[in-house]
A.B. asks: 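Attaching a single structure in structure tokens format; questions to follow.
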Amino acid sequence: MRENPIYTVTPPDMMLPDRGPIITLLTTEQSFVDQVETLYENLFKSVPITLYHPGGKVTDANSAWLISMAQFSDTLYVDLDSINELGLVVSLMSDTNTVFITKTNKRKSIVKILNTRQSNKCSVFEDLNEYADMMLDSMQYE
């Protein structure tokens, strides 16, 4: 049974919680949203979790909202397998810790460029489980 609320916020709504992790997701796949939700539900058992996502493709109508919400977020997750070019630009404009996930690696040239970024706020992973394992390992040493 869930002990913590998980709030899903889509454009044009805004919600700025007073506690708990705030996550922005750039994906068109509900399964990706579900995976991130499950990850955070398992990591944070007793605090509210807020998920921002466009509810579909990144468009001219929701890109400004996404940029704004990403600035409030602790982490921005980008599904490279489903995101469009505008979504990729939105993700690169963010100063938030950004996690790029690509299961199919169909955008190899983009992954190469992302891997060359000097920022420690950008990571590319093959799947969300790989990222979750890395997070859990780092928490054990703190």
A.B. asks: Examine distances only and state if a side-chain atom of Asn84 and a backbone atom of Val58 form a donor-acceptor pair shorter than 3.5 Å.
C.D. replies: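 Yes, because the side chain of Asn84 sits within donor-acceptor range (under 3.5 Å) of the backbone of Val58.
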A.B. asks: How close do Phe100 and Ser91 get, heavy atom to heavy atom, and via which atoms?
C.D. replies: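 Heavy atoms of Phe100 and Ser91 come nearest at CE2-OG, 3.5 Å.
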A.B. asks: Which value, rounded to the nearest 0.5 Å, describes the distance between Leu76 atom CG and Leu92 atom CG?
C.D. replies: 9.5 Å
A.B. asks: Can you give each donor-acceptor pair under 3.5 Å made by side-chain atoms of residues 66-75, sequence neighbours left out, with the distance rounded to 0.1 Å?
C.D. replies:
{"from": "Ser68", "atom 1": "OG", "to": "Ala64", "atom 2": "O", "distance (Å)": "3.1"}
{"from": "Ser73", "atom 1": "OG", "to": "Thr24", "atom 2": "OG1", "distance (Å)": "2.5"}
{"from": "Ser73", "atom 1": "OG", "to": "Met69", "atom 2": "O", "distance (Å)": "3.0"}
{"from": "Asp74", "atom 1": "OD2", "to": "Ile22", "atom 2": "N", "distance (Å)": "2.7"}

A.B. asks: What closest approach, in Å, do Ile6 and Glu37 show between heavy atoms, and which atom pair accounts for it?
C.D. replies: CD1-CG, 3.5 Å
A.B. asks: Minimum heavy-atom separation for Glu29 to Ser82, with atom names?
C.D. replies: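 Nearest pair, atom of Glu29 first, then Ser82: CG-CB, 3.9 Å.
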A.B. asks: Can you list everything that forms a side chain to side chain donor-acceptor pair (under 3.5 Å) with Asp34? Sequence neighbours excluded, please.
C.D. replies: Gln30
A.B. asks: What pairs with Asn129 under side chain to side chain donor-acceptor pair (under 3.5 Å), at least two apart in sequence or on another chain?
C.D. replies: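 Residues passing side chain to side chain donor-acceptor pair (under 3.5 Å) with Asn129: none at all.
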A.B. asks: Measuring only between side-chain heavy atoms, which start at C-beta, is Pro21 closer than 4.5 Å to Phe44?
C.D. replies: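 Yes, at least one pair of side-chain atoms sits under 4.5 Å.
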A.B. asks: Between Phe125 and Asp133, is any pair of side-chain heavy atoms under 4.5 Å apart?
C.D. replies: no
A.B. asks: Could you check whether atom CE of Met15 has more than 12 heavy atoms from other residues, nucleotides or ligands sitting under 6.0 Å from it?
C.D. replies: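 Check passes, neighbour count above 12.
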A.B. asks: Should Glu130 and Asp127 count as side-chain neighbours, where that means a heavy-atom distance under 4.5 Å?
C.D. replies: yes
A.B. asks: Mind checking what makes side chain to side chain donor-acceptor pair (under 3.5 Å) contact with Tyr52, not counting sequence neighbours?
C.D. replies: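 Listed in chain order: nothing, the list is empty.
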A.B. asks: Grab the two heavy atoms, one from Lys45 and one from Glu41, that are nearest each other, plus how far apart they are.
C.D. replies: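 In terms of heavy atoms, the two residues are closest at CD-O, 3.8 Å.
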A.B. asks: With respect to Asp79, which candidate in Thr102, Thr27, Thr28 satisfies the side-chain hydrogen bond (donor to acceptor under 3.5 Å, both in side chains) definition?
C.D. replies: Thr27
A.B. asks: Taking the side chain as every heavy atom from C-beta outward, state whether Asp60 and Leu86 have any atom pair closer than 4.5 Å.
C.D. replies: yes
A.B. asks: Restricting to side chain to side chain donor-acceptor pair (under 3.5 Å), what partner residues turn up for Tyr131, sequence neighbours left out?
C.D. replies: none
A.B. asks: If a pair satisfies side chain to side chain donor-acceptor pair (under 3.5 Å) and one of its residues is in residues 5-18, list it, with sequence neighbours excluded.
C.D. replies: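 Pairs touching residues 5-18 that pass the test: none.
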A.B. asks: Would you indicate whether the side-chain heavy atoms of Tyr77 and Leu128 approach each other to under 4.5 Å?
C.D. replies: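 Sidechains of Tyr77 and Leu128: in contact.
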A.B. asks: Between CG of Leu88 and CG of Leu80, what distance do you get to the nearest 0.5 Å?
C.D. replies: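 Taking CG in Leu88 and CG in Leu80, the distance rounds to 6.5 Å.
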